[in-house]
Amino acid sequence: MEKPIKTDSGIEIRPLYATPVPMDELPGRFPFTRGIHATMYRDKLWTMRQYAGFSTAEESNKRYHFLLSQGVMGLSVAFDLPTQIGYDSDHAMAEGEVGKVGVAIDSLEDMETLFAGIELEKVSTSMTINATAFILLAFYIALAKKQGADLSKISGTIQNDILKEYAARGTFIYPPQPSMRLITDIFDYCSREVPKWNTISISGYHIREAGANAVQELAFTLSNGKAYLKAALEKGLDINVFAKRLSFFFNAHNHLFEEVAKFRAARNMWAHITQNLGATDPKAQMLRFHTQTGGSTLTAQQPHNNIVRVAVQTLAATLGGTQSLHTNGYDEAISLPTESAARIALRTQQIIGYESGIADTVDPLAGSYYVEALTKEVEERAWELVHKIDAMGGSVSAIEQGFIQDEIARSAYQYQQEIENNEKIIVGVNKFVVEETSDTEVFRIDDSIRKFQSEKLASLRARRDNEKAESLLAAISERAKTTENLMPLVVEAVEHYCTLGEIADTLRNVWGEYKGI
């Protein structure tokens, strides 16, 4: 029998607070407004992740071991810009960017180093990667096989959300249609080979970082989700199978109550979207999501204030029912996070999870006049945008027409005007400003990383079976011209040490590069 949970005054806390309500307003039941699990954090806290990756695989591996030693439950990998857009570290386009905003991963050898001493069966890994997600996933699967892991037990997520790249972030390679083909190939392959893997994390985070407001973040993200569902259905996949492996990635900003309302509305809306497209299994109707605190809310001025901002955003995410969470370091408006800042960010989650009491009951803010009304208003406004996008032919069409980009740009401009006109107060920026000299430790990456990675690539190409590598790249090129699934060949290619850039370039030669509108 579960031990009763009590307040400091000895008052016993019930798992759920509610007056008699219809079954569809209970947590764990369609449409899941109050949470996707009946007991939420009473049984298990959200997964506490820390997003990390910088420099070389060797250096990032040290940070992962540090984070795991501090109580992190899952790893989130940041990749450098060349890796994200399909260039090996020795490519001319990679100059000046290797290892800067994430770790450089050129080959299976780098992936082996990145996870040295970490058993993939025992850790959940999230990888923030999109255009080259299929290659990084292949590296991960190949490494798991080398470790002797049971692929049916491997768990994690690839972001793999290319539509938001066209709309908000820009790290796309191929045109929309072949990019969508890669995503549905991954859905199909993983459903058979790595069934616990989350094949896409449909991302509102970067939409919000680009300047969208909460309603736009919600509407554009769910519209992108609909586009992925329809693409998979057109390929003949079963929505009750592949929709279970879809997850979402949202931003948590400073307006505590609007963010909570956004998360509650998101579950409700997605449940109806999946149901309307034929999902009957409740697990295929659930919106599961990861959250990251808002990077664009961090200030270089008085950076220690960011610790408080991150705490407020952590409350928003957890009161809103997130399944996993990354908290930003207070110094990230200045540099990559130091170990000290990363530890404080993790401790923020741990203090809220273990000391605040919000995990003791399901949906603690439910029934608040304000929260319930705000949830309804956010949902209604988001539906208006979703229906407008539907009328345009869906997200792909809306992106190709520039509608979503224009809406985000308009919102970003309005927000900046409000700050400059002092209509919106940012503490330490346009109010409560002080003269200060920065004593914040700065973490920088040395440009010598490119030389180190290039030497590793030269050594790899000298040692591998180049005839086999070339034949596999040629096979990928031919298969790309058909509708046959590319993933088995890509996995085989990385197992024979074809590099990320070689595979990406092979497909560039077939599909071309997208230049945007």
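Everything numeric in this text was worked out from a predicted model, so none of it was measured. All residue numbers in this chain count up from 1 along the given sequence.
- A donor-acceptor pair shorter than 3.5 Å cannot be found between the side chains of R49 and T47.
- Looking at E234 and K230, no side-chain N of the basic residue comes within less than 4.0 Å of a carboxylate O on the acidic one, giving no salt bridge.
- Between the side chains of Q216 and R410, no donor N or O sits under 3.5 Å from an acceptor N or O.
- With salt bridges taken as basic N to acidic carboxylate O contacts below 4.0 Å, one links E217 and K262.
- Salt bridge absent: K456 and D106 never bring a charged side-chain N and a carboxylate O closer than 4.0 Å.
- For the atom pair CG (N306) and OG1 (T297), the distance works out to 7.0 Å, reported to the nearest 0.5 Å.
- Closest of all the heavy-atom pairs between F263 and F250 is CE2-CB, 3.6 Å.
- Geometrically, R508 engages Y87 in a cation-pi contact defined by less than 6.0 Å to the ring centre and at most 45° from the axis.
- For the ring pair (Phe, Tyr, Trp, His ring centres under 6.0 Å) test with Y205, the passing option among F249, F220, F248 is F249; the others fail.
- Heavy atoms of other residues, nucleotides or ligands lying less than 6.0 angstrom from NZ of K481 number more than 12.
- Between the OG atom in S89 and the CZ atom in F452 there is a gap of 10.5 Å [rounded to 0.5 Å].
- Rounding to the nearest 0.5 Å gives a distance of 10.5 Å between CZ of R479 and CG of L472.
- For the salt bridge (Lys or Arg N to Asp or Glu O under 4.0 Å) with K145, the qualifying choice from E495, E121, E193, E492 is E495, the only one to do so.
- Between Q453 and R450, the side chains place no donor N or O within less than 3.5 Å of an acceptor N or O (distance only, hydrogens not considered).
- Between E502 and R461 a salt bridge is recorded (basic side-chain N to carboxylate O distance below 4.0 Å).
- Residue E513 qualifies as enclosed at atom CD: its count of foreign heavy atoms under 6.0 Å is above 12.
- Shortest non-hydrogen contact noted between S152 and P195 is CA-CD, 4.0 Å.
- A side-chain N or O of S296 and one of E209 form a donor-acceptor pair less than 3.5 Å apart.
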